[in-house]
Enquirer: 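Below is one structure. I have some questions about it.
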2 protein chains.
Amino acid sequence: MNDRRPTTIIEVAAELGVSIATVSRALRRPELLSEETRARVLKAVERLGYQPNLLARDLRLRESKVALVVVPSLSPFFLEVFRGVEKAARKTGYSVLMGHTDRDPEREHAFFDQVAARRADGIILVTSSHASALADRKRLPPVVAALEQIDGCSLPAVRVDHTRAAVAATQYLLDLGHKRVAHISGPMSSPMAVHRVEGYQQALGPSLDTALCVEGDFTARSGELAMNLLLARHAPPTAVFAANDEMAIGAVRAAKMAGLRVPEDISIIGFDDQRIAALYDPPLTTVHVPTAEIGYRAMLLLERVLNDSATDRDIVLPTKITPRGTTAPYRPRGPAAPDDEG
Amino acid sequence: MNDRRPTTIIEVAAELGVSIATVSRALRRPELLSEETRARVLKAVERLGYQPNLLARDLRLRESKVALVVVPSLSPFFLEVFRGVEKAARKTGYSVLMGHTDRDPEREHAFFDQVAARRADGIILVTSSHASALADRKRLPPVVAALEQIDGCSLPAVRVDHTRAAVAATQYLLDLGHKRVAHISGPMSSPMAVHRVEGYQQALGPSLDTALCVEGDFTARSGELAMNLLLARHAPPTAVFAANDEMAIGAVRAAKMAGLRVPEDISIIGFDDQRIAALYDPPLTTVHVPTAEIGYRAMLLLERVLNDSATDRDIVLPTKITPRGTTAPYRPRGPAAPDDEG
DNA sequence: TTGAAAGCGGTACCAA
DNA sequence: TTGGTACCGCTTTCAA
């Protein structure tokens, strides 16, 4: 069906009796050609449906104009970052290759190799994994970190301050009057999760009760499990800060299953503000992270890194507590209402 | 920082005093070399950190080993398809480029051009838009349709039968005893949405009430709006089939806001079985679509199309009603419970 | 078993 | 303003 090979620059040139240089110029440096020649060439290009072979062009130009986005997993959360990257890429004429590592260092390496092999010009690393792949590499490809800085490196980065945001989330619950504020963290293998616990701990200071901090793995299921554990404590929390929205939703489910009303009996705050947060019932109070914006800026930053080679910036974007339906001021609870006593 | 240019095949050859052909062979056709030479070359490759330039290789070989996945929008739904594609790609040695069109024909064209320009070998079209870009193209790139066949073409495809699945979904509600079953459809600009309405209509047959069919646009918000409309009818539905999960969730919200209990007062079934469906409260009854599997098979099919050039298959995968918490047998409802009377 | 060399399809320098 | 041509880095005949 598709047996004819694509038109090449040689055929276009032959068709018009001009040199291939002229055809090339008509496309890349039209100002160098006479009005007339340019028009003739362009018309022929159109007629023959000529498309320059990017492989050849890129080989000659030593650049591929593609950016590689590497995410740890294909979740809606990272998808938002990707969306931002893509938008910026379209604006700047880049194509975007996307890959996920499943937190496998071997696969991380494979993506770096893609750059070494010139399939991409640079990498946007949206990863929360340790920079294992980065460490033992002789030659680093151009790379920008998104979402958070890679531990131990000081890459150009576009990110948020996870610790500060976690402090704010915890403080938000404290300000609501809650005394026993628990935390469901992400896996300690994820630096992002670590930074968020640190914020929780900072906010609580000396009043920190380690029994109220349970480790999850960022899935809803783990949030459910963690919540069950917390509710089984003899002094269960009245508020919970979960390190991401999925776990927060799991926690809400577990609370409901245990017969608690959210937010009347227990407050829960998530993190990220994924789409599901606003959609959930009740809508989830959470920390908004400008994911798409991060991706957008990261791509722009990568472009600068690729061009100037001098840029070395660390862009920190603000987060924002977004109150919705899963948090409420603390009110003492019990089997009966307080005024039953009197 | 990264000023040294990458090692080329020439440098490796020079280092060893062999020809570049030998180096190339060590990597691509090792069996042609003597044991000893091969070992020497491989060691030098390792030592120098040589990575063949894929641009050059691809130019020579006239293939890029990249597949382009084109989706209409960056939603978690399409992400699942992508996940499957990526898995198959990894297995078969392809890289995956992803792009979304926002249903803009111009951008669809742009992606086809990427193939014409040899940045990718073929396309996996996960689109529900009309094949506008396909129609007015002289030379079609190798393309596989995923999720559904493109109207008017008969591309190799991996898909589900949307109409049949919609019949089953509607029938499921009917079997539950519901008489007034409404439908919230996707936008009629999407063939997928059209196929799903058709199923709804088929299942209802002559008893179809056009007042019970409202058009949405696949967003939760539109589901909410549609539901409000339906509840305002003087004979409101007792069951609703929404053409995707997001709209179904919007419908559930609207029902709750209107003071109805789901599923006691009204049953709602979605379509797709996105992740959010199982997470929602109550968990959404829906039609399971094997999205990742579709992507996986589509990539495998594309590879065959690219190689054999003879394949022309139409693979239809099964869907499955997945009962969860938003549907229940029909029971007449009123302002008071039935036994309040006695 | 190895080497020499002809491309793959462009870009851009140097001349004319 | 245009043409001739030397690359870009690799693969693969064809010969030795």
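Every chain is numbered from 1 and lettered A, B, ... according to where its sequence line falls, protein lines coming before strand lines.
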Enquirer: Of the nucleotides dG9(D), dG3(D), dG10(C), which has the atom closest to the V18(A) side chain?
Expert: dG3(D)
Enquirer: More 5' along DNA chain D: T22(B) or A56(B), using each one's nearest nucleotide?
Expert: A56(B)
Enquirer: In whole Å, what is the span from the CZ atom of R29(A) to the P atom of dT2(D)?
Expert: 14 Å
Enquirer: Among the nucleotides dG3(C), dT11(C), dG10(C), which one has an atom lying closest to any side-chain atom of S19(B)?
Expert: dG3(C)
Enquirer: With a non-hydrogen cut-off below 4.0 angstrom, is R57(B) in contact with a base, only sugar-phosphate, or nothing?
Expert: sugar-phosphate
Enquirer: Should R28(B) be listed as having a side-chain N or O under 4.0 Å from OP1 or OP2 of dC10(D)?
Expert: no
Enquirer: Could you tell me how far apart N53(A) (CG) and dG7(C) (P) are, to the nearest whole angstrom?
Expert: 17 Å
Enquirer: Please tell me which of the listed nucleotides, dT5(D), dC10(D), dG3(D), lies nearest to the side chain of I20(B)?
Expert: dC10(D)
Enquirer: Under a 4.0 Å N-O cut-off, is there an ion pair linking K43(B) with E46(B)?
Expert: no
Enquirer: Before accepting this row, confirm whether a basic side-chain N of the pair R119(A)/D58(B) lies closer than 4.0 Å to the acidic partner's carboxylate O.
Expert: yes
Enquirer: Could you tell me whether S24(B) contacts a base, only the sugar-phosphate backbone, or nothing, with contacts defined as non-hydrogen atoms closer than 4.0 Å?
Expert: base
Enquirer: Could you state the atom-to-atom distance from CG of L54(A) to C1' of dG9(C) in whole Å?
Expert: 11 Å
Enquirer: Which whole-number value in Å describes the distance from R38(A) CZ to dT1(D) P?
Expert: 9 Å
Enquirer: Look at R38(A) together with E36(A) and state whether they make a salt bridge at an N to O cut-off of under 4.0 Å.
Expert: no
Enquirer: Any idea which of dT12(D), dT1(C), dG3(D) is nearest the S34(B) side chain?
Expert: dT1(C)
Enquirer: Of all the choices, dG3(C), dT2(D), dG9(C), which nucleotide is nearest to the side chain of T8(A) once you look at every atom?
Expert: dG9(C)
Enquirer: Check this for me: does the side-chain of R25(A) come within 3.5 Å of the base of dG3(D) through a donor and an acceptor?
Expert: yes
Enquirer: Any Lys/Arg nitrogen of E15(B) or R47(B) sitting under 4.0 Å from an Asp/Glu carboxylate oxygen of the other?
Expert: yes
Enquirer: Is any NZ, NE, NH1 or NH2 atom of the basic residue among D121(B) and K65(B) found under 4.0 Å from an Asp or Glu carboxylate oxygen of the other?
Expert: no
Enquirer: Ignoring the backbone of A21(B), work out which of dG9(D), dT2(D), dT12(D) is nearest its side chain.
Expert: dT12(D)
Enquirer: Compare the minimum distances between each of dG9(D), dT12(D), dA6(D) and the side chain of R60(A), then state the nucleotide with the smallest one.
Expert: dA6(D)
Enquirer: Measure the distance from CZ on R118(A) to P on dG10(C) and round it to the nearest whole Å.
Expert: 20 Å
Enquirer: Tell me: CG of L32(A) to C1' of dC13(C), nearest whole Å?
Expert: 12 Å
Enquirer: Can you measure D58(A) atom CG to dC10(D) atom C1' for me and round it to whole angstrom units?
Expert: 15 Å
Enquirer: When all nucleic acid strands are considered with a 4.0 Å heavy-atom cut-off, which category describes L33(A): base, sugar-phosphate, or nothing?
Expert: sugar-phosphate
Enquirer: Mind checking if L59(B) touches a base, just sugar-phosphate, or nothing, with heavy atoms under 4.0 Å?
Expert: base
Enquirer: Figure out the CD/C1' separation between E63(A) and dC8(D), and round it to whole Å.
Expert: 13 Å
Enquirer: Is a salt bridge present between D314(A) and R159(A), judged by a nitrogen-to-oxygen distance below 4.0 Å?
Expert: yes
Enquirer: Please classify the nucleic acid contact of L55(A) as base, sugar-phosphate, or nothing, using heavy-atom distances under 4.0 Å.
Expert: nothing
Enquirer: Which part of the nucleic acid does R62(B) contact within heavy-atom distance under 4.0 Å: base, sugar-phosphate only, or nothing?
Expert: sugar-phosphate
